[in-house]
Amino acid sequence: MRTRTLAHLSDLHLGRSPETDRAAVRLRDLVEDAFDHVVVSGDVTHRGRREELARFEELFGAMQRAGRLSVVPGNHDRLGEDVGARLMRGGRVEAHTHDGLYLVRVDSTGPHNKFLLAGHGQICADVIDEIELALAGAPRRHLTVLTLHHHPLPLPEETFGEFVSATLGWPNAAELRLGARLLERIGGRCDLVLHGHRHVPSAMACDAGGRRPLAVYNAGSSTTLGRFRVFTHLDGALCGPPVWLDTQDVPALELAGTGTE
Ligand SMILES: [Fe+2]
Ligand SMILES: [Fe+2]
């Protein structure tokens, strides 16, 4: 059995600026033939516009149709024309097997996300039950990964707005209210939680209590960073920590003719 690779992108924010869209092209060019699977954990659009979603589909649609890319919605995708349902059509929890990978996608957004200042995520006890059920169906010897947009654990405030929100006790900068419970419930059945939302990357190992280790990774904003993590796995287990891949390291010649205007 050969090793498989999984790339984690997040928070592309297509439509934010020409630079952002150019960065997304560089990411696409780097991932399209290089990895077995790619996860994009939400905020693929900046204002939830259909034209921004069309740009995402233009860049990543072929990989999606080939079953090599999976996406979940983020709060920005619920703004404007609300394209969230077009990113995940089958409900709040969906699970699929992809060649050595068992991926559970979770929609952590809600209708409140139509307001930019209410960007926080929400999952309820029923969704956690659904996730648990999905994980119970994980095939043996598959890397088991849960992806959602919002962070399940507290993270430091990164912007002045987040600092103000946290100080005032508003929910929009906070972790998922049931995030800790979610991690408790999936412990021992899942290897990775991949999320975004906060634009500064982070990584945390959960106390597995001697069970199967669980790690939580925030990709940050891949278009802003110009880099993303790649996980390698074999026979259902990670082959060490992930590595960062930087789009700046790819020779310019390989990217010739791919810029956007
Ligand atoms: Fe974002
Ligand atoms: Fe977000």
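Whatever order the structure lists them in is the order used to number ligands and atoms, beginning at 1. Please read these numbers as outputs of a predicted model, since none were measured by experiment. Throughout, numbering of the chain's residues begins at 1 and tracks the sequence.
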Rounded at 0.5 Å granularity, tell me how far NE2 in H8 sits from CZ in F231. 7.0 Å

Measure the spacing between CG of L87 and CG of D82 and express it to the nearest 0.5 Å. 9.5 Å

Sort out for me which residue in Q64, R105, E94, H37 forms a side-chain hydrogen bond (donor to acceptor under 3.5 Å, both in side chains) with S70. H37

Among the N/O/S atoms of H199, which is closest to the Fe ion (ligand 1)? Give the atom name. NE2

Walk me through whether V193 and L148 qualify under side-chain contact (heavy atoms from CB on, under 4.5 Å). CA-CA 8 Å; V193 174; L148 77 177; 3.8 Å; yes

Protein N, O or S atoms lying under 2.8 Å from the Fe ion (ligand 2), listed by chain and number: D43 OD2, N75 OD1, H149 NE2, H197 ND1

Taking the six-membered ring where the residue is Trp, are the ring centres of H142 and H98 under 6.0 Å apart? no

Quick one: sort the H197 and H150 rings into parallel, tilted or perpendicular, breaks at 30° and 60°. tilted

